[in-house]
Protein chains: 2
Amino acid sequence: MKLKELADQLGLSQTTVSRALNGYPEVNKATRERVSEAALKFGYSANANARRLAIGRIGAIGILMPRDRSERFGPHTSEFFSGLAEQLSLHEMDLLMSPSINNDELAAYRRLISSKRVDGIIVTGPTLMDERVAMLTEAKFPFVLHGRTNIAAPHAWLDIDNAGAFRQATSHLLDLGHRHVAMIDGLKGHTFSEHREMGYREALVERGLPVDPRFIVHERFSDETGFHEAQRLLSYAPHPTAILAGSMMTALGVFRAIRSKGYELGKEVSVIAHDDVFPYLNASNMVPAMTTTRSSIRSAGSRIAELLVRVLDGEPVENIHEIWPVELVLRQSSGPPIAPRR
Amino acid sequence: MKLKELADQLGLSQTTVSRALNGYPEVNKATRERVSEAALKFGYSANANARRLAIGRIGAIGILMPRDRSERFGPHTSEFFSGLAEQLSLHEMDLLMSPSINNDELAAYRRLISSKRVDGIIVTGPTLMDERVAMLTEAKFPFVLHGRTNIAAPHAWLDIDNAGAFRQATSHLLDLGHRHVAMIDGLKGHTFSEHREMGYREALVERGLPVDPRFIVHERFSDETGFHEAQRLLSYAPHPTAILAGSMMTALGVFRAIRSKGYELGKEVSVIAHDDVFPYLNASNMVPAMTTTRSSIRSAGSRIAELLVRVLDGEPVENIHEIWPVELVLRQSSGPPIAPRR
DNA sequence: CTGTTAGCGCATTCAG
DNA sequence: CTGAATGCGCTAACAG
């Protein structure tokens, strides 16, 4: 059913029907109700393309998916998307996932813009001098960044306090008496990874403790790398008595490594993991329950969608910056260092 | 830049430029090249909405996301989406994720159709008499189902051999000498869940063994439920000496439960998990390495996208049915039952 | 091989 | 308060 047909049914013009449906004030109340009812009855809904062509707004925001399987499409992504979609539905916007072709991410972003399929873009996983951010800023295309960069030109972003999270966790461990604390985090170059390392270093330096570069590991997030890297760390002498894990997946691997070395988790070796809050993988239900620096990536997604809508509504991007605090939740996987019983 | 401007630049008509860009045969080769170059140079790309309005095809396929956090948006989803998107990019199609509003899923599907934002839909997680399938079939709207139903009306689907997977796994365990095998799978009502239970039962019945209903558990997939249910199962006397886990998340919980009860995994209690193949959570890297019934949900996503494209191209849906075999990969978490040493 | 013309379905001027 | 006419940018007959 199209607008014209609906209008004919009602004996009204397309214009009036359109106005009634879109909530224009100058329509008679009785008429509006009659139109609404008929629309419902016939299951009429405007052809999105025609509508968009006419009003010049797309009604969708885009996010690029890396084609490459490895790095970025993990459980975080799905939680984040979920938050995005939840919020966007409130604004009757769609979420368009476009896979980037040929590893040429920048070209994919350009194509997304020039084909006018989205009103705005969400950018995730930035590096310190992210070229996508630079490009989009220069092109003046609306976007919100999940994370931060060192790029000076104003742009909208939301990030969690990664440095604070790792500083807090490291400080806590040091205060408990640990003297050898290691961290296994995500790949180098990404802002979050650099910030976390900064926080970790700050906590050590603050106490006048040395930084051992062997104890700072940057790797892909997965149980496998967590396992291997933790095994390696634990084979040093002296080995770390506490390990920070950059993700829950990493943490699972670290848990296994500690057990396979015969250490008691939470006593001989402590673990604090960063938890993006997965409904299907709960830190408090592990054995022992895992101490985490916790921040909901789903909420971040939701909020970012909201911010992008505001950008689209014309709010100046230099006003749109948020840093979310990260909460340290103490559970059983961390405690004072206890020497092995052997 | 719009088509008209590009045409003016080149001193050609819109038509010719359009044809050149869209690969129509009747264009002079030299002209076509000149046009392509210019398009590249000016960064021209057709306005997707105008194009779609004119051609009547949307160029996107839709998938509904449950708004509810709990059940279906887990790690499986992200892998599946990833496969979809990968394939769709080859056809220059977008993936539209629309969140369902107010728990009224059916209405959300209707809205998605009537607003003409997608050419086709992908439906996942069906129940045996899935109402979405019934509705879409009746509305003659193109879709492909991931999974199966008992609905007779012809429709396109792709499913893995869930019954076979659990039959195979159960048979293997029984052949090893296990006499008490339990299963912890997804929620009842879902086809995959019913099929898996069927497979499990068949293996027992084939050997004349009794089915103990206490040993059949249907719950949400998560490490937490895996843990709790496995603990419960292991508290029975006699307790199961082998447990089938419906997902990797469940399996993680089951692992923990077995350890917390002091049993040796792979010896005193065996575990076989269904593995949808997550790049960040690898069965072979667990300790002990986990025996799995394995099937790539990412590949399934990719193939389903391909099938939907074929449906859109007019291929009769009654021809589009695929059942993928599931491979049993033996590793260390399963073995002959060994009595506890106490 | 190329150009002219007429919609695709809607929102919006501008008149009534 | 309502309607008739115009255009959003593109593709697809239909002519040349």
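Proteins get letters first, then strands, A, B, ... in listed order; numbering begins at 1 in each.
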task: State whether the side chain of A:Thr127 and the backbone N or O of A:His190 hold a donor-acceptor pair below 3.5 Å, judged by distance alone.
output: no
statement: The correct set of residues in residues 33-42 of chain A placing a heavy atom under 4.0 Å from DNA chain D is none
message: Rounding to an integer number of Å, can you tell me how far A:Arg57 CZ sits from D:dG9 P?
response: 17 Å
task: On the 0 to 90° scale, with breaks at 30° and 60°, tag the B:His146-B:Phe80 ring pair as parallel, tilted or perpendicular.
output: parallel
message: Distance check needed: D:dC8 P versus A:Ile58 CD1, whole Å only.
response: 15 Å
Length of the line joining A:Lys4:NZ and C:dA11:P, which is rounded to integer Å: 16 Å
message: Just the rounded figure in Å: distance from C1' of C:dT4 to CG of B:Leu12.
response: 15 Å
- prompt: Taking only N and O in the side chain of B:Tyr44, is any of them less than 4.0 Å away from OP1 or OP2 of D:dG9?
  reply: no
- prompt: Can you tell me if the side-chain N/O atoms of B:Ser13 get under 4.0 Å from OP1 or OP2 in C:dT4?
  reply: no
query: Side chain of B:Ala50: nearest nucleotide among C:dC10, D:dC1, D:dG9?
result: D:dG9
Give me, pair by pair, the N or O atoms of the protein and of nucleotides 12-15 of chain D that are less than 3.5 Å apart, along with how far apart they are.
residue : atom : partner : partner atom : Å
D:dA12  : OP2  : B:Tyr24 : OH           : 2.2
D:dA12  : N6   : B:Thr15 : OG1          : 3.1

task: Map B:Arg32 and A:Leu3 onto DNA chain C by nearest heavy atom, then report which one ends up closer to the 5' terminus.
output: B:Arg32
Interatomic distance, A:Lys116 NZ vs D:dG9 P [rounded to whole Å]: 8 Å
task: Show the numbers, then the answer: is there a side chain to side chain contact (heavy atoms under 4.5 Å, CB included) between B:Leu136 and B:His155?
output: CA-CA 9 Å; B:Leu136 290 170; B:His155 56 274; over 6 Å; no
field: All pairs passing side-chain hydrogen bond (donor to acceptor under 3.5 Å, both in side chains) where residues 34-44 of chain B contributes a residue, at least two apart
entry: none
- request: Select one nucleotide: of D:dC10, C:dG3, C:dG9, the one nearest the side-chain heavy atoms of B:Leu53.
  value: C:dG9
query: Any idea how A:Trp157 and A:His321 line up, ring-wise: parallel (<30°), tilted (30 to 60°), or perpendicular (>60°)?
result: parallel
field: Test log, rule side chain to side chain contact (heavy atoms under 4.5 Å, CB included), inputs B:Leu96 and B:Leu112
entry: CA-CA 10 Å; B:Leu96 192 71; B:Leu112 191 57; 4.2 Å; yes
message: Any side-chain N or O of B:Arg51 below 4.0 angstrom from OP1/OP2 of D:dT11?
response: yes
task: In whole angstrom, give the distance that lies between atom CZ of A:Arg117 and atom C1' of D:dG9.
output: 16 Å
Value in whole Å for how far the C1' atom of C:dG9 lies from CE of A:Met1: 14 Å
- line: Between CG of B:Leu6 and C1' of D:dT11 the distance, given in whole Å, is 15 Å
- prompt: Do B:Thr16 and B:Ser13 have side-chain N/O donor and acceptor atoms under 3.5 Å apart?
  reply: yes
query: Can a salt bridge be assigned to the pair B:Arg52 and B:Asp94 using a cut-off of 4.0 Å between side-chain N and carboxylate O?
result: yes
task: Examine the side chains of B:Ser82 and B:Arg298 and answer whether a donor and an acceptor come within less than 3.5 Å of each other.
output: yes
